[in-house]
There are 2 protein chains.
Amino acid sequence: MDVKPPEAALEEADTLCQRRGVRLTAQRRQVLQILCAARRPLGAYEILEAMRDGSRPLAPPTVYRALDFLLEQGLVHKLESLHAYVGCTHPDHPHFSQFLICADCGLVTELEDEAIAASLKSAASETGFRPRRRVVEVIGTCANCAGKATD
Amino acid sequence: MDVKPPEAALEEADTLCQRRGVRLTAQRRQVLQILCAARRPLGAYEILEAMRDGSRPLAPPTVYRALDFLLEQGLVHKLESLHAYVGCTHPDHPHFSQFLICADCGLVTELEDEAIAASLKSAASETGFRPRRRVVEVIGTCANCAGKATD
DNA sequence: CGTGAAGCGGATAGAGTATAACGTCTTTCA
DNA sequence: TGAAAGACGTTATACTCTATCCGCTTCACG
């Protein structure tokens, strides 16, 4: 597995935002850092909790605003079926991703499968539908957990 | 378009439940009827509102229990990206469906596309993942709204 | 009959998710 | 320097969903 260290992801985000002329402020960066370090999906209030290091008072809109920005920039993804957010594993290029979500251990795998993207595209175009956003999440059991259960 | 009248869907549900030995009680039937008649996704509280015809006091668990049952029986689907529910257009056989959701007019189209199902299956099996539930929702603009906007 | 188990539903409370609205401060740029 | 846009703080509140407890009906079985 090519799991990047969180620092690398953050530096990549810095570069991308600079190139795009958008501002990865300290707060937005902190949210991204928390998500990347977690290595699992976090709910908005979990992020909020993690941001309150010392005793700073922080309210929900703070975290949702940061998440909106990061989502727009493709730096994080939202998992609709979990109401949770994950750092994107390859934010450098625009892409449609799919997620495999293990209901047992919580592991989330981000795919970038051409065949799925193509079949979605062709199904949509058959009816003249113009896709903007794709939500593809498969909930089940990962190989590791399946092995434990059946062996 | 082969849109069934709500009564037909309800009768089909009656038959299915009887065959399966589960009880489509008056309350569950009412929720299904409301969803089928709406012809658009409804939130749980919208359903709740619709159930309070006269002045009967009704609480959220009532609706969620009915929805749980209907979801299990495949009589309704949940749209994760909308936090809303729709009546299933072909409950007679088990299937994985995909949804095209128009962000402009709210139209939701349920697909049952073999190619998408197959590509999802093969992507999952490559990593040894065992799928249980699939969430496939494409948000965009339907043909009708796209036509209005560009012409 | 009686009785016990199971399923359904009423009711209260509360956890978790998300946004509206308004004000202030900062950054940018002409 | 001044105006506009953007980012953030703050309060309040709406919306989504679940836990829990209790009572009622149904039904099988003795």
Side-chain angles (χ1 to χ4, degrees), chain A residues 13-14 17-18 20-32 34-35 38 40-73 75-86 103 106 133 135 137 139, chain B residues 13 17-18 20-32 34-35 41-73 75-86 103 133 135 137 139:
Chain A
D14 285 328
C17 287
Q18 195 164 10
R20 293 176 189 167
V22 295
R23 291 160 58 192
L24 186 61
T25 63
Q27 205 148 208
R28 292 165 175 175
R29 204 168 186 283
Q30 189 191 5
V31 169
L32 181 57
I34 288 167
L35 278 176
R40 66 174 182 89
L42 295 181
Y45 278 56
E46 285 183 290
I47 300 171
L48 197 56
E49 197 54 42
M51 290 177 77
R52 286 197 251 258
D53 277 334
S55 54
R56 212 174 10 144
L58 276 183
T62 298
V63 105
Y64 282 106
R65 280 193 284 238
L67 286 171
D68 283 344
F69 171 85
L70 297 170
L71 287 168
E72 261 173 36
Q73 298 302 321
L75 297 170
V76 310
H77 293 295
K78 174 170 189 185
L79 300 176
E80 293 287 351
S81 65
L82 296 180
H83 304 290
Y85 304 84
V86 287
R133 188 181 157 222
V135 175
E137 300 172 18
I139 296 93
Chain B
C17 287
Q18 193 163 12
R20 293 174 189 167
V22 296
R23 290 161 58 191
L24 186 62
T25 63
Q27 206 148 206
R28 293 165 175 174
R29 203 167 186 283
Q30 189 191 5
V31 169
L32 181 59
I34 288 167
L35 279 175
L42 295 181
Y45 276 56
E46 287 184 288
I47 300 171
L48 198 54
E49 198 54 42
M51 289 176 78
R52 284 197 252 258
D53 276 335
S55 55
R56 210 171 14 142
L58 276 183
T62 298
V63 138
Y64 283 106
R65 279 193 285 239
L67 286 171
D68 283 345
F69 171 86
L70 296 171
L71 286 168
E72 261 173 36
Q73 298 302 320
L75 297 171
V76 309
H77 293 297
K78 174 171 188 184
L79 300 176
E80 293 287 351
S81 65
L82 297 181
H83 305 291
Y85 305 83
V86 285
R133 189 183 156 217
V135 175
E137 300 172 17
I139 297 93

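Per chain, numbering begins at 1; letters A, B, ... match sequence-line order. In this text, all values refer to a predicted model and were calculated from it rather than measured experimentally.
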Write down the protein N/O and nucleotide N/O pairs, taken from nucleotides 16-19 of chain C, whose separation is under 3.5 Å; answer none if there are no such pairs.
from: C/dA18; atom 1: OP1; to: A/Lys78; atom 2: NZ; distance (Å): 2.6
from: C/dA18; atom 1: OP2; to: A/Tyr64; atom 2: OH; distance (Å): 3.3
from: C/dA18; atom 1: OP2; to: A/Tyr85; atom 2: OH; distance (Å): 3.1
from: C/dA18; atom 1: N7; to: A/Tyr45; atom 2: OH; distance (Å): 3.4
from: C/dA18; atom 1: N6; to: A/Tyr45; atom 2: OH; distance (Å): 3.3

Nucleotide of D/dG9, C/dA11, D/dT11 approaching A/Ala59 most closely (side-chain heavy atoms) | D/dT11
How long is the span from the CG atom in A/Leu70 to the NZ atom in A/Lys78, to the nearest 0.5 Å?
-> 14.0 Å
Using whole Å, report how far CZ of B/Phe69 lies from P of C/dC8.
-> 7 Å
Kindly indicate whether the side chain of A/Leu35, heavy atoms from C-beta on, has any atom under 4.5 Å from the side chain of A/Leu75.
-> no
Take the protein atom CG of B/Leu58 and the nucleotide atom C1' of C/dC8, then report the distance between them rounded to whole Å.
-> 14 Å
Do the non-hydrogen side-chain atoms of B/Val63 and B/Leu58 ever get within less than 4.5 Å of each other?
-> no
What's the shortest heavy-atom distance between A/Val135 and B/Ile139, and which atoms?
-> CG2-CD1, 3.9 Å
Find the distance A/Met51:CE to D/dA7:P and express it as a whole number of Å.
-> 15 Å
Given C/dG9, is OP1 or OP2 found less than 4.0 Å from the side-chain N or O atoms of B/Thr62?
-> no
Atom pair CG (A/Leu42) and CG (A/Leu79), whose distance is rounded to the nearest 0.5 Å | 10.5 Å
Between C/dC8 and B/Thr25, is there an OP1 or OP2 to side-chain N/O distance shorter than 4.0 Å?
-> no
Atom pairs and distances, donor-acceptor, side-chain atoms in residues 20-31 of chain B, under 3.5 Å, two or more places apart:
from: B/Arg20; atom 1: NH1; to: B/Gln73; atom 2: O; distance (Å): 2.8
from: B/Arg20; atom 1: NH1; to: B/Gln73; atom 2: OE1; distance (Å): 3.0
from: B/Thr25; atom 1: OG1; to: B/Arg28; atom 2: N; distance (Å): 3.4
from: B/Arg28; atom 1: NH1; to: B/Arg23; atom 2: O; distance (Å): 2.6
from: B/Arg29; atom 1: NE; to: B/Asp14; atom 2: OD1; distance (Å): 3.1
from: B/Arg29; atom 1: NE; to: B/Asp14; atom 2: OD2; distance (Å): 3.3
from: B/Arg29; atom 1: NH2; to: B/Asp14; atom 2: OD2; distance (Å): 2.8

Taking all non-hydrogen atoms of both residues into account, name the closest pair between B/Ala13 and B/Leu32 and its distance.
-> CB-CD2, 3.5 Å
For atom CD of A/Gln30 and atom C1' of D/dG9, their distance in whole Å | 15 Å
Spacing between A/Arg28 atom CZ and D/dG9 atom C1', to the nearest angstrom = 15 Å
Provide, to the nearest angstrom, the distance between the CD atom belonging to A/Gln73 and the P atom belonging to D/dG6.
-> 13 Å
B/Leu48 has an atom CG; how far is it from atom P of C/dG9, in whole Å?
-> 14 Å
Distance from B/Glu46 atom CD to B/Leu48 atom CG, nearest 0.5 Å?
-> 11.0 Å
Rounded to whole Å, the CD-P distance (B/Gln27 to D/dT25) equals 15 Å
Could you list, one pair per line, each protein nitrogen or oxygen that sits under 3.5 Å from a nitrogen or oxygen of nucleotides 23-27 of chain C, together with the distance?
none

Separation between NE2 of B/His77 and CD of B/Glu137, rounded to the nearest 0.5 Å | 11.0 Å
